[in-house]
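Each chain gets a letter, A, B and so on, in the order its sequence line appears, and its residues count up from 1. Note that this is a predicted model, so its numbers are computed, not measured.
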Amino acid sequence: MSSGELSDIPEAAELAAPACSCLDAEAPNGRAVAEVLLDSALPQLDHLFDYAVPEELATDLRVGQRVRVPFRNQQRKAFGYVIGFTASSSFGGELSPIADIVSPVPQLTPEVWHLARAVADRAGGSAGDILRLAIPGRQVRVEKQHLAAVATANTASAADTATPSSGEAAEGHAELPDADSAEIADRLVAGERLALTATHSPERLATGEWVGAWAIRLARVAIAVKQAGRSAIVVLPDYRDQDQLQSALAAFGAESVVRVDARQSNAERYGSFLRALDREPRIIIGNRSAVYAPAYELGAILMWDDGDPVLAEPLAPYVHARDAALVRAEQSGAGLFFAAHARSAEVERLSLIGYVHDQVNPPRRTRVIHADQSIAPDAFAGRVPDFAAKTIREGLRTGPVLVQVATPGYAPVSVCGDCGDLARCTACGGPIGFRTAGTAACRWCGQHAGGWACAGCGGNRLVERGMGSARTVEQFERQFRGFRVLLADGDNPRERVDARPAIVVATRGAEPLAAGGYRAVVLLDAERLLSLENLRAGEDCLRWWENAAALAAPDGVCLMASGGGPVVQAFVTGRLDEWLHSELRDRQALRYPPAVRVASVTGGSAQVDRALAALGSPDTLAGVEVLGPTPVAASDPAARGAKLVRAIVRFEYGRGNDVAKRLRGALVADAAGASSRQKGRAPGRAVPEALRLRFDDRGVFDG
DNA sequence: AGCACGCCGACT
DNA sequence: GTCGGCGTGCTC
């Protein structure tokens, strides 16, 4: 220990020996050179630097440790991670020595390092950016507590002459997984990749809590993986999903469960991180960054609802948790398990090319009925058509009813009074709202909708429809007097409701879980959701609807209250696979993701031209196509006043490594020249933007 | 980022 | 001759 950080705790003597298994990592063993990855956001520093191993650190230094090293001069220090040791350096100059060991714990395992490197390379980014997601900030207190606890546990078990695995005997209390889950776990541990469509409806745990049937399935599979002596990582979009899984795991008596999520304090996160780092199998559950958690003997990565947009990392290099999981499974030989109520287009693609295998047993699915389309959209006075009102009243006799709406708040929108299509502004195509009663105007450009005529059927009657959640609540309170009307949306989060009758109005994705399940689930605003100008609108709708339908009781019903067309048909008939199939074929024909990959290149015109030139000459570009560059609208947040252009590169999956390498090369060259170009600028001019790369951006083809 | 290196124009 | 402008490139 370079700084004697542990000298003030009683176990310091034991810790000098490798008492904690998490300290057990490769030592220099006489080798004089340490390879260090610097903690820097600069792309031109994203490679290993050689440093001398100083005499005084030689016994304590380990691969994976965070260190401080002199950089640029002996005074300035940078942080980094020890990646490996070598006997000699190929660097021409004289090596500086490592200055300090930050923590005795080797925070970066070789597996996570290789993952970060591969994931960053694939996304045209820096490994350091991935490591920032993977490794939480160090908390000295938490670390000392952890090391002390592990040391005492080790000495205790040594006194018991216990075998190392006997600590896991307590796991015998865990409920044995059902045969299906055990079989899935066996296949995962053998390295298989599986996709599962999950059973609808909540189920009651022995603890009395209700969780989605999917959570029970994932918990059982994770426990079975752990019983096979391997770690499982379970990635779930949000804390509500994580809570359900955690409840299920607890109810089944699972031990060694570690949770990592964004709501934790840094101390909690670091504590969880250290537990994940222990050389002992764990069940690690968490949000998108859990995919980077260290895990001893990783057996499988389980991912719930990978189509949820929160699994897309918003920080550079914008790597989706699904992609990171694919890379990690490939590297480590771990199994991969995608479970959802509605499959994503990406998993469907993986299934079609035979990379993941479908679980064939058909899931139980809520009965879905479709409202009668012959009823004119203005044939009802309240928020919902009469038959929907009937469904709601019916359900309220025995329990809660869920009503899913498109948007929060009050926002109203108009539809054609004759055909029911969403009314669109004749000038800009935007939605038409009612500012004040009777005066309709476009919500985007403000144009008055006086002489409006429907583009579809020529009708000219505008009908106000599809109000937001708060407005819907007010209307329901009048329409269903005497019943509780509860609101659940982003501003009013509500994780659970009880089994008593109530109307629960929720925005898509914010639906609470009901004890025993909802008697009825009513889906409003389908035409509005489908009109979102988004390449993934259909896929997203199926996910929102299917996830809502899954909240119904097994004998409950789901009513699609409006809308039509192929996506609604797919949902109503339950033939999501067929729709997704044809959707994927369409995207193949259009060369849209995920049939192909895309990368956007943004920057000054000359910068982007140089980057595109780095892709090679047109004849070497087989399977690679460049769209643009086109000017980035000044209103685009990326522009920030500077005049920028953006090109879109799309390419076959097989060209990914090559494209990423070449674009990344251009980015590094651009960054190297950036400082000099900046000096050349007249004062007052905007700071020149760095060239920006973004791979697999979902929204790249959206308006 | 920040700093050294090096290659042309103006000066003692 | 040499001082110093700033473009260029490197950082173990």
Side-chain angles (χ1 to χ4, degrees), chain A residues 2 26-58 60-102 106 108 110 113 116-117 120-121 125-129 131-132 315-317 603-607 609-611 613-614 640 642 661-693:
Chain A
S2 61
E26 195 183 339
N29 292 328
R31 288 166 295 182
V33 178
E35 299 171 304
V36 173
L37 180 85
L38 295 175
D39 217 12
S40 165
L42 298 174
Q44 62 272 44
L45 303 185
D46 181 34
H47 61 84
L48 301 184
F49 288 82
D50 290 347
Y51 282 88
V53 174
E55 191 80 18
E56 66 274 18
L57 298 181
D60 290 335
L61 207 54
R62 294 290 181 278
V63 165
Q65 277 173 339
R66 192 167 168 78
V67 290
R68 282 202 321 148
V69 293
F71 194 62
R72 287 175 215 136
N73 58 54
Q74 289 298 313
Q75 282 64 252
R76 284 182 68 92
K77 299 289 194 297
F79 288 99
Y81 294 98
V82 177
I83 299 302
F85 297 108
T86 58
S88 65
S89 171
S90 56
F91 179 65
E94 195 186 334
L95 301 187
S96 295
I98 288 179
D100 263 320
I101 299 172
V102 173
L108 179 58
W113 158 246
R117 181 70 277 163
D121 287 345
S126 299
D129 287 338
L131 294 182
R132 260 191 291 285
L315 297 174
S605 178
Q607 290 174 301
D609 288 345
R610 279 194 296 269
R640 286 215 309 257
K661 205 165 127 188
R662 287 164 182 262
L663 289 179
R664 176 72 177 175
L667 184 82
V668 171
D670 181 77
S675 56
S676 45
R677 281 200 306 281
Q678 190 158 343
K679 276 184 201 156
R681 296 276 166 157
R685 280 286 304 260
V687 178
E689 290 282 341
L691 191 60
R692 295 211 307 240
L693 283 183

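A:Leu38 comes within 4.0 angstrom of no nucleic acid atom, judged by non-hydrogen atoms across all strands. Residue contacts for A:Tyr51: at a heavy-atom cut-off of 4.0 Å it reaches the sugar-phosphate backbone alone, with no base atom in range.
Atom C1' of nucleotide B:dA1 and atom CD of A:Gln75 are separated by 17 Å, given to the nearest angstrom. Separating the CD atom of A:Gln74 from the P atom of B:dG2 is a distance of 19 Å, rounded to the nearest angstrom. Distance, A:Arg76 CZ to B:dA4 P: 12 Å, rounded to whole Å. The separation between A:Phe79 atom CZ and C:dC12 atom C1' is 18 Å, rounded to whole Å. Between A:Leu45 atom CG and B:dC3 atom C1' the separation is 14 Å, expressed in whole Å. Taking atom CG on A:Asn73 and atom P on C:dT11, their separation rounds to 14 Å, with Å as the unit. Here the P atom of nucleotide B:dG2 and the CZ atom of A:Arg72 are 7 Å apart, to the nearest Å. Atom P of nucleotide C:dC12 and atom CG of A:Leu95 are separated by 10 Å, given to the nearest angstrom.
With a 6.0 Å radius and a threshold of 12 heavy atoms from other residues, nucleotides or ligands, A:Glu56 has its CD atom above the threshold.
We find the CZ-OG distance between A:Arg31 and A:Ser89 to be 14.0 Å, quoted to the nearest 0.5 Å.
A:Ser126 places no side-chain N or O within 3.5 Å of a backbone atom of A:Gly128 that could act as its donor or acceptor partner.
With respect to A:Asp46 and A:Arg664, a salt bridge is recorded, a charged nitrogen being found less than 4.0 Å from a carboxylate O.
Taking every side-chain heavy atom of A:Gln44 into account, B:dA1 is the closest of C:dC12, B:dG2, B:dA1.
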